[in-house]
2 protein chains.
Amino acid sequence: MSDRKIPKDLDCGMAMIMEIIGGKWKPCLIHNISRGYKRPSELQRLNPKATRRVLYQQLTELEGYGIIEKVIFPVLPPKVEYSLTSLGMSLLPVIRVMDDWGTQYLENPGQHPTLKTA
Amino acid sequence: MSDRKIPKDLDCGMAMIMEIIGGKWKPCLIHNISRGYKRPSELQRLNPKATRRVLYQQLTELEGYGIIEKVIFPVLPPKVEYSLTSLGMSLLPVIRVMDDWGTQYLENPGQHPTLKTA
DNA sequence: AGCTATAGGGATAATTTTAGCCCTATGCTA
DNA sequence: TAGCATAGGGCTAAAATTATCCCTATAGCT
């Protein structure tokens, strides 16, 4: 995440938003958090196919871009809560439009010639 | 593109649209084609940082998902033209919303705490 | 003859992303 | 005491994506 060999050029808006939400689990995380699931352990249970590690990484990236906010409670066992910032909330309609289009695509077989889902 | 070790699960719409437009150059290609640039050589000139190979690969994927259509003219030297299908056109507003959000993000510095663009 | 341009695609290397381990610490409960 | 849950993060391996090279073929131009 720090020393890339090939620099990213976030030249256009498209590249920028892809950088922000393009991770494998990021849209899921944003969606989950927007629905009130705040704690890492909850998010992990909601995405059992992802490892804790990756979720943590992608949460950190989202936090870095100002999409979510993190509150650490100084208790034991540790407690952490994430929530969407206003910037993060402004992303919700975008994600919704994307998801809607994708859902339409999925529901409409015959449109996708070589869909080898596996 | 054929034998992946880890199967993709295109379970939700979000995963589906990411699979379709998630490639590094795909949004650019769709955008370019929507603006009337049809031939591979044109697209290549418009995206000089991408290699011919990658553009060709991503065009093939877009074609496979029914986003663009390819017409091969049986002439020499070879001539090929791509165009958006109606499905591809239905994607334009989605891409536009995404690009708009990203552009807003770029234009609004201070929103992004740890943006290490490099 | 040697150069250009055109488009396709094989083979492999480089790079980035994701997965899968490990270990830290503490308080609770069986 | 042993096991569980909680959250963070180092380290390495696996997998996926992109980049970079190679070659095919033909027509036109100098």
Side-chain angles (χ1 to χ4, degrees), chain A residues 1-10 15 18-29 33 37-64 68-82 116-118, chain B residues 1-10 15 18-29 33 37-64 68-82 116-118:
Chain A
M1 200 142 108
S2 313
D3 34 342
R4 332 176 42 80
K5 305 253 174 120
I6 297 179
K8 297 189 183 173
D9 32 332
L10 276 19
M18 283 305 229
E19 164 69 17
I20 294 179
I21 66 170
K24 185 164 178 182
W25 304 98
K26 288 183 189 172
C28 302
L29 289 171
I33 294 173
Y37 300 99
K38 301 164 172 293
R39 303 187 62 184
S41 52
E42 293 178 299
L43 297 168
Q44 187 190 335
R45 270 188 289 272
L46 290 168
N47 303 283
K49 293 181 195 163
T51 60
R52 249 178 341 163
R53 192 77 176 85
V54 181
L55 291 184
Y56 161 69
Q57 284 173 336
Q58 309 220 343
L59 284 167
T60 303
E61 282 185 41
L62 288 174
E63 191 197 358
I68 59 178
E69 240 166 9
K70 177 180 185 174
V71 178
I72 303 176
F73 295 84
V75 297
L76 274 166
K79 177 174 173 180
V80 164
E81 280 187 3
Y82 290 100
K116 292 165 192 159
T117 305
Chain B
M1 199 145 112
S2 313
D3 34 344
R4 335 176 39 83
K5 306 250 173 126
I6 296 180
K8 297 189 184 175
D9 32 332
L10 275 19
M18 283 305 231
E19 164 69 17
I20 294 179
I21 66 171
K24 185 163 177 181
W25 305 99
K26 288 182 187 173
C28 302
L29 289 170
I33 294 173
Y37 301 99
K38 300 164 173 294
R39 303 187 61 184
S41 52
E42 292 178 298
L43 297 168
Q44 186 189 336
R45 269 188 290 273
L46 290 168
N47 303 283
K49 292 180 196 164
T51 60
R52 247 178 343 163
R53 192 77 176 84
V54 180
L55 291 185
Y56 161 69
Q57 285 173 334
Q58 309 220 345
L59 284 167
T60 303
E61 283 185 39
L62 288 174
E63 192 197 359
I68 58 178
E69 241 168 8
K70 177 180 186 174
V71 178
I72 303 175
F73 296 84
V75 297
L76 273 165
K79 177 175 175 181
V80 164
E81 279 186 5
Y82 290 98
K116 292 164 192 160
T117 306

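To find a chain, count down the sequence lines: A is the first, B the second, and so on, and within it residues start at 1. Predicted model, so just to flag it, every value in this text is computed and none were measured.
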Heavy-atom pair with the smallest gap, counting every atom of B:D9 and B:A15: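 Smallest interatomic distance, heavy atoms only, reads O-CB, 4.0 Å.
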
Kindly give the heavy-atom pair with the smallest separation between A:L62 and A:I20, and that separation in Å.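 What the structure gives for the nearest pair is CD2-O, 3.7 Å.
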
Under 3.5 Å donor-acceptor, B:K26 side chain and B:Q58 backbone: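 Flag not set: sc B:K26 to bb B:Q58 has no pair under 3.5 Å.
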
Please indicate whether B:K49 has more than 12 foreign heavy atoms, meaning atoms of other residues, nucleotides or ligands, lying under 6.0 Å from its NZ.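 Not buried by this count: 12 neighbours or fewer within 6.0 Å.
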
Out of [options], whichever nucleotide has its closest atom nearest the side chain of [X]:
| X | options | answer |
| --- | --- | --- |
| A:I6 | C:dT15, C:dT26, C:dA19 | C:dT15 |
| B:K24 | D:dA19, C:dT26, C:dA19 | D:dA19 |
| A:R4 | C:dT17, C:dT15, C:dA19 | C:dT17 |
| B:W25 | D:dA7, D:dA19, D:dA27 | D:dA19 |

Are any of [X]'s side-chain N or O atoms less than 4.0 Å away from OP1 or OP2 of [N]?
| X | N | answer |
| --- | --- | --- |
| A:K70 | D:dG8 | yes |
| A:R39 | D:dA7 | yes |
| B:K79 | C:dT6 | no |

How many Å lie between [atom1] on [X] and [atom2] on [N], as a whole number?
| X | N | atom1 | atom2 | result |
| --- | --- | --- | --- | --- |
| B:L76 | D:dT26 | CG | C1' | 5 Å |
| B:K8 | C:dT18 | NZ | C1' | 14 Å |
| A:Q57 | C:dT17 | CD | P | 11 Å |
| A:E63 | D:dA7 | CD | C1' | 13 Å |
| B:I72 | C:dA7 | CD1 | C1' | 9 Å |
| B:L59 | D:dT17 | CG | P | 17 Å |

Among residues 42-55 of chain A, which residues get a heavy atom nearer than 4.0 Å to DNA chain C?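 Within this stretch, A:T51, A:R52, A:R53, A:V54 sit under 4.0 Å of the strand.
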
Report yes if the side chains of A:L59 and A:L43 come closer than 4.5 Å at any heavy-atom pair, otherwise no.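 Yes. Closest side-chain heavy atoms under 4.5 Å.
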
Starting at CZ of A:F73, measure out to NZ of A:K79 and round the result to the nearest 0.5 Å.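 Between A:F73 CZ and A:K79 NZ, I get 5.0 Å after rounding to 0.5 Å.
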
When all nucleic acid strands are considered with a 4.0 Å heavy-atom cut-off, which category describes A:Q58: base, sugar-phosphate, or nothing?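 Answer is sugar-phosphate: A:Q58 comes under 4.0 Å of backbone atoms only.
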
Determine whether A:M18 and B:I21 satisfy the following criterion, side-chain contact (heavy atoms from CB on, under 4.5 Å), listing intermediate values before the conclusion. CA-CA 10 Å; A:M18 283 305 229; B:I21 66 171; 4.2 Å; yes

On DNA chain C, does the nearest nucleotide to A:G22 precede the nearest nucleotide to A:P78 from the 5' side, or the other way round? Give the residue.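 Nearest-nucleotide comparison on DNA chain C picks A:G22.
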
